[in-house]
Amino acid sequence: MPELPEVETTRCGVSPHIKNNRVTEVIVRQKKLRWEVSPSLSKNLVGNIISDVSRRGKYLLFESMNGTMLIHLGMSGSLRIIEATEPAGKHDHVDLILENGNALRYTDPRRFGCVLWQKKEEGIHPLLLNLGPEPLSEEFDCPYLYRKSRGRAGLIKSFIMDSKIVVGVGNIYANEALFLAGISPKRAAGNISKARYENLVLSIRKVLERAIEAGGTTLRDFTNSSGEPGYFKQSLNVYGRGGGECRICKTPLKEIRISQRSTVYCPSCQH
DNA sequence: CGAGCAACCTGCATGC
DNA sequence: TGCATGCAGGTTGCTC
């Protein structure tokens, strides 16, 4: 569910409902997530106002006076605004009850996500400390990516999925961006020309921007819709289409595994 | 330092 | 129908 565009969509959907609202109660039903839910979460949030909801990579940051609640959705997490009285399901692990009668509900069947508290005086959270640039920022450009790639023997797909290099490029969009750029996922990162990196940077941006726009479409009924958007499925060129025809040249798409992740590419268009 | 991989968990599709 | 297997949109932290 949550690639960067999904996280951004979540942020946009949740933010207007929670921003400038006061937290009256924090309910933790399951504290064992990827890391234990910060025990001080309730103590620090109750009575305080969420002043802003921002995003760094796939982390959502809920700012308050004395610190930041950091949420990662992992593989299966989601956030919704609900009425505070709505009964909790099996995987509804954390609720932030708001003064206006709504609640922010964190749901995560696989529990790969996290809900953490970072005190203001502790500065930037260790998890955010070594993250690379945002893919949609100016900092992420060809000279940067090319410079980082030199001397790298690892595969280009793993390289662009490395959050120390650039944040927010998950498995779906790594596959899609490499297809758009015409680069084989099996190429060594250090072996690709500057010109092709220019193309790759543009492709990563394009694929993420388009997906965020598509996410924006589902944004309107964000609080009403509980189901999957399904909007981007149609625009995927390779992901989930192994064995199918390349949309450009009709060659059957190959499916392999790179670092245990499903990798699909066109053996004819991508080199 | 870089590269590769196990680990964290549940749900779902598939095959016997 | 039941059970075993493999796979899933992420990321850390361990080995080598």
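Quick note on labels: first sequence line is chain A, next is B, and so on, each numbered from 1. Quantities reported herein were computed from a predicted structural model and do not represent experimental measurements.
- Of the side-chain N and O atoms in A:Ser76, none sit less than 4.0 angstrom from OP1 or OP2 of B:dG11.
- Summarising the local packing, NZ of A:Lys120 is surrounded by more than 12 heavy atoms from other residues, nucleotides or ligands at distances under 6.0 Å.
- Of the residues in residues 147-156 of chain A, those placing a heavy atom less than 4.0 Å from an atom of DNA chain B are A:Arg152, A:Ala153, A:Gly154, in numerical order.
- Look at CG on A:Leu236: it is 12 Å from P on C:dG9, rounded to the nearest Å.
- The phosphate of C:dG10 (OP1 or OP2) has no side-chain N or O of A:His72 nearer than 4.0 angstrom.
- At B:dG11, one or more side-chain N or O atoms of A:Lys90 fall inside 4.0 Å of OP1 or OP2 (strictly under the cut-off).
- Summarising the geometry, the separation between CE on A:Met161 and P on B:dC5 is reported as 15 Å, rounded to the nearest angstrom.
- Checking A:Tyr265 against A:Lys186 by side-chain atom types alone, a donor-acceptor pair falls below 3.5 Å.
- Of the possible polar contacts, none joining the A:Arg56 side chain to the A:Leu61 backbone as a donor-acceptor pair under 3.5 Å is found.
- Closest heavy-atom contact between A:Gln30 and A:Lys32: OE1-N, 2.9 Å.
- For the pair A:Arg22 (side chain) and A:Ile49 (backbone), a donor-acceptor distance under 3.5 Å is absent.
- The side chain of A:Arg261 places an N or O atom within less than 4.0 Å of a non-bridging phosphate oxygen (OP1 or OP2) of C:dG10.
- If you take CG of A:Asn171 and P of C:dA8, they are 8 Å apart, rounded to a whole angstrom.
- When the nearest nucleotides of DNA chain C are assigned to A:Arg110 and A:Gly168 by heavy-atom distance, the more 5′-ward of the two goes with A:Arg110.
- At a threshold of 4.5 Å between non-hydrogen side-chain atoms, the residues A:His125 and A:Thr68 do not count as touching.
- The base of B:dC9 does not come close enough to the side chain of A:Arg111 for any donor and acceptor atom to sit less than 3.5 Å apart.
- Across all strands, A:Leu127 comes closer than 4.0 Å only to sugar-phosphate atoms, never to a base (heavy-atom distances).
- In terms of phosphate contacts, A:His91 brings no side-chain nitrogen or oxygen within less than 4.0 Å of OP1 or OP2 of B:dC9.
- Regarding contacts with the backbone of C:dG9, every side-chain N or O of A:Tyr173 stays at 4.0 angstrom or more from both OP1 and OP2.
- Under the Watson-Crick or G-U wobble criterion, with both distances below 3.5 Å, B:dC5 is paired with C:dG13.
- If you check every strand for non-hydrogen atoms under 4.0 Å, A:Ser262 touches sugar and phosphate atoms only.
- The stacking criteria are not both satisfied for A:Phe112 over the base of B:dC9, which would need a centre-to-centre distance under 5.5 angstrom and an angle between ring planes under 30 degrees.
- Within the 4.0 Å cut-off from OP1 or OP2 of C:dT12, at least one side-chain nitrogen or oxygen of A:Tyr59 is found.
- Taking 4.5 Å as the limit, some side-chain heavy atom of A:Ile81 sits within range of a side-chain heavy atom of A:Val14.
- If you take NE2 of A:His125 and P of C:dT11, they are 15 Å apart, rounded to a whole angstrom.
- In this structure, A:Lys58 reaches the C:dT11 phosphate: one of its side-chain N or O atoms is under 4.0 Å from OP1 or OP2.
- Under the 4.5 Å side-chain criterion, counting only non-hydrogen atoms from C-beta, A:Leu145 is in contact with A:Phe159.
- For A:Glu83, the CD atom counts as loosely surrounded, since its 6.0 Å shell holds 12 or fewer non-hydrogen atoms of other residues, nucleotides or ligands.
- Between A:Ile172 atom CD1 and C:dT11 atom P the separation is 12 Å, expressed in whole Å.
- Comparing B:dA7, B:dG11, C:dG9 by their nearest atom to the side chain of A:Met75 picks out C:dG9.
- Going from atom CD1 of A:Ile160 over to atom P of B:dA3 covers 14 Å, rounded to whole Å.
- Base-pair partner of B:dT10: C:dA8 (Watson-Crick or G-U wobble, both distances under 3.5 Å).
- Taking atom P in both C:dC7 and B:dC5, one finds a spacing of 15 Å when rounded to whole Å.
- Summarising the geometry, the separation between CD1 on A:Ile258 and C1' on B:dA3 is reported as 14 Å, rounded to the nearest angstrom.
- Distances shorter than 4.0 Å separate some side-chain N or O of A:Gln260 from OP1 or OP2 on B:dA6.
- The distance from atom CG of A:Asp108 to atom C1' of C:dT11 is 13 Å, rounded to the nearest whole Å.
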